[in-house]
Amino acid sequence: MDSPTDSQSLKPRLEIVAADTSHVDGIVALSARVYPEEPPYTRGQILGQIHGFPGGVFVALYAGEVVGYAASTLLAEQRVLAPHTWAEVTGGGYGSQFNARGDWLYGVEVMVDPARRRLRIGQRLYRARERLCLERGLKGIAFGARLPGWRRHRKSHDTPEAYLEAVRAGIRRDPVLAFQMKAGFEPARLLRDYAPDDRASGGHAALMLWRNPHVDEAAADQPLTRPDPETVRVASVQLRAATLSDPEQFYRNVDYFVTIASEYGADFVLFPEYFTLQLLSCDGVELPPRAAIERAATFTDEFVARLRQMALSKAINIVAGTHPVRRGDGIYNVAHVFLRDGAVHTRDKVHPTPDEVASFGILGGRDVDVIDTDCGPIGVAICYDAEFPELPRRLADEGARILFVPQNTDTVHGHLRVRYCAQARAIENQCYVVTSGMTGNLDNVSNIDIQYSQAAILTPCDFPFARDGIAAEASENVEMIIVADLNLASVRWARAQGSVRNLRDRRFDLYRTRWSDGG
C-alpha cells in the first residue's frame, strides 16, 4: 500500500495536462521568462489558443507552476505545405485560423522554463502532440522552426536556403533543428520571412514535418516515440554486482542504464531485487547479515531522492528493483516505483524467502494492489512473490497487463524457479511479465556474494505474441539491457477472444481466493 510519505509525497510532481483558462496567467508569466527581450503573449492570445482548439494545447506543471507550454492548431495540408508566415497561420498568435476539418497538427508555440531545462519538458510536450496526432488520425505534425545558427554562419552560407541544405546534409549543425530532427522531424522547405522579429534566423524558418506512419504508407519507417498509444516499451537491466569504492559509482551506473533506456524511448526500466546492497561494499568491511541489512536501510533517503530525480529528468518510469526499508516493527524488502511525473510508490515483498527471514529478519508486507501509471495500471511481484499464483492473479484482476518481477538468485535452480513461475503467471493471467536479476560477485557483502540471472520479457502464448512466449531475453550472467514493445491491445484481445481464456474461464462456482480485505 502507498504510504503518505511515498506516493502522496509533498515533493513536486511534473505533469503534462490539457491547458484550460486557469493556466492562462501562468502561461503569460512563462512567456515573459522565456522571451525577456520581447513582449510576452497576452491573455487574449492564450485564451484564443485554448478556446480555439480545446484539448490541443498542453501545459507542463511542476509543483503546480506552469513550466512548459505547447500550443497547436489544425490546418489543411494545402495551407501547411504552401509558403506562409507564423502570423498568417496562427491568426497573429490567437489560433483563429483553426480548421476543424484540417488534417495536419500545426505547432503554434513551444516554451520551456529556462530554470527547468533538465526535466526534458520539451520532449514530454512533443510526445503529447504526437499522441494527439495519432489519436485523431491526422496526416502529421508541422511547424516553422527557427534557424538561430544562420547568423553565425552567413559567411559560408550566404542564403538561408544554403544554410538549411547544409544542415539537412549533415555539413552544419543547428542547435534547434538538431533537437527536432532527432525527434523524427524532417526539414521540408524554407519559409522566408516567417517571423521577422527573429533576428538570429534572419526572420526565416524551416518547415518541419513529421508524418503519421499509420496514415501515410510512404512514412512506414517514420520514427515514433511510441508506435501506438496502446504500445508500451519496456526495458530490463541485468546488472552486474561489483565491489565499489564510493556510492557515486553505484548511482553513475544506475544513471547510465536509465539514460540508455530513456534514449531508446522506453516507458519503463526495471532493475533487480536488492541491487542497492552493492552500496554496502563501500564500507570496506563485511558486517553480519542483520547488521548489514540495518546499515543498508540507512541509505533510503538518498536512494529515493536520487532515483526520483532520475525518473523526472529522464522522463521515464523506473521500477527500482528493491531496497531494504526500516519501519517501526522491522525491516521490509521494498520495491520503489518512481514515475516520470515525480510520484513515488512502494510495494513490499509479501513472501520473504526462508533465507531472507533467517539471515536478514525481513518481514512480509500485507498489501497487494496495482500502481496507476501514465501507461495504465501495473503490478509488482518481488522474486519469491511470483511463485505464489494468488498474488499476480489479484493484480491482473485489478487491471494490470504488465507485471514487473525484480529478482535476486544465487544459483541456476533458484533462478529457474522464478523464471518458470514468471512464465506461468504470464500464461494464466494473460499478461506480460518483465524480470530482472543480478550477475557477478560481491566479496564483502554478507549473504549477497554470488549471483545468477537471465532477465526476460515474457508474453502469453497465443497468436498475437511470440511463439515461445519470450519477447526478449538476456544472455546468461552478462551485464546488459533488453528492450521490447508490448501491445496492450493484444492482451485485451487474448483475454476476450484468445485460443484459451484463463481469466474468463475460471470456475467461480467451485473456487475463489478470498483476501483479508474482502477482495
Side-chain angles (χ1 to χ4, degrees), residues 12-14 16 60 62 67-68 112 116-127 130 173 175 178-184 223-227 231-242 244 246-272 275-276 278-279 299 302-323 335-344 373-375 378 404 406 434 436-440 453 455 457 472 474-475 478-486:
R13 293 178 60 176
L14 178 60
I16 305 296
Y62 187 68
V67 295
V112 174
R116 303 292 182 186
R117 295 290 188 191
R118 296 186 177 183
L119 297 178
R120 301 198 180 191
I121 295 169
Q123 181 189 86
R124 297 168 193 259
L125 292 170
Y126 273 72
R127 285 183 178 179
E130 186 181 291
R173 184 183 185 278
F179 168 77
Q180 292 155 351
M181 292 170 72
K182 184 178 180 181
L224 280 165
T225 306
R226 285 171 63 186
T231 298
V232 176
R233 182 166 294 172
V234 298
S236 176
V237 178
Q238 185 160 278
L239 199 66
R240 184 177 69 88
L244 309 175
D246 77 84
E248 287 304 313
Q249 286 182 270
F250 170 78
Y251 290 112
R252 280 197 301 271
N253 198 33
V254 173
D255 183 72
Y256 169 80
F257 283 109
V258 170
T259 300
I260 291 296
S262 176
E263 290 179 348
Y264 272 83
D267 296 289
F268 293 91
V269 59
L270 172 66
F271 285 91
F275 77 130
T276 61
Q278 295 176 85
L279 290 166
F299 306 142
E302 174 76 3
F303 167 71
V304 170
R306 297 285 287 266
L307 270 292
R308 179 180 179 276
Q309 185 57 36
M310 285 184 203
L312 266 173
S313 63
K314 302 301 191 299
I316 189 171
N317 301 308
I318 304 174
V319 184
T322 72
H323 172 76
H336 289 77
V337 179
F338 301 92
L339 300 186
R340 51 188 162 202
D341 67 358
V344 183
T373 76
D374 58 355
C375 299
I378 64 165
F404 290 94
V434 186
S436 170
M438 295 280 285
T439 73
S453 174
I457 301 172
S475 301
V478 176
E479 184 173 67
M480 63 186 299
I481 185 169
I482 56 175
V483 183
D485 283 343
L486 308 181

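Considering every non-hydrogen atom in both Ala474 and Gln238, the closest pair reads CB-OE1, 3.7 Å. Heavy-atom minimum distance, Val483 versus Ala235: CG2-CB, 4.1 Å. Considering all non-hydrogen atoms of both residues, Cys375 and Val232 come closest at CB-CG2, 3.8 Å. The two residues Ala60 and Ile16 have their closest heavy-atom pair at CB-CD1, 3.5 Å. The minimum heavy-atom distance linking Leu270 with Val434 is given by the pair CD2-O, 3.3 Å.
The aromatic rings of Phe338 and Phe303 stand perpendicular to each other, their planes meeting at an angle above 60°, with 30° marking the opposite boundary. Relative ring orientation between Phe271 and Phe257 is described as perpendicular, the plane-to-plane angle rising above 60° on a 0-90° scale split at 30° and 60°.
Aromatic ring centres of Phe179 and Tyr126: separated by under 6.0 Å.
With hydrogens and angles disregarded, a donor-acceptor distance shorter than 3.5 Å links the side chain of Arg124 to the backbone of Leu119. Panel note: side chain Ser236, backbone Ala455; no donor-acceptor pair is recorded below 3.5 Å. Counting only distance, with no hydrogens or angles, the side chain of Arg233 and the backbone of Tyr264 share a donor-acceptor pair below 3.5 Å. Ser436 places a side-chain N or O within 3.5 Å of a backbone atom of Val237 that can act as its donor or acceptor partner. For Asp341 (side chain) and Arg13 (main-chain N/O), no donor-acceptor pair under 3.5 Å exists by modelled atom type. For the pair Gln278 (side chain) and Ala242 (backbone), a donor-acceptor distance under 3.5 Å is present.
Put simply, CZ on Arg120 and CD1 on Ile316 are 9.0 Å apart, with the number rounded to the nearest 0.5 Å.
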Output, in order, the C-alpha distance, side-chain angles, deciding distance and verdict of salt bridge (Lys or Arg N to Asp or Glu O under 4.0 Å) for Arg306 and Asp255. CA-CA 9 Å; Arg306 297 285 287 266; Asp255 183 72; over 6 Å; no
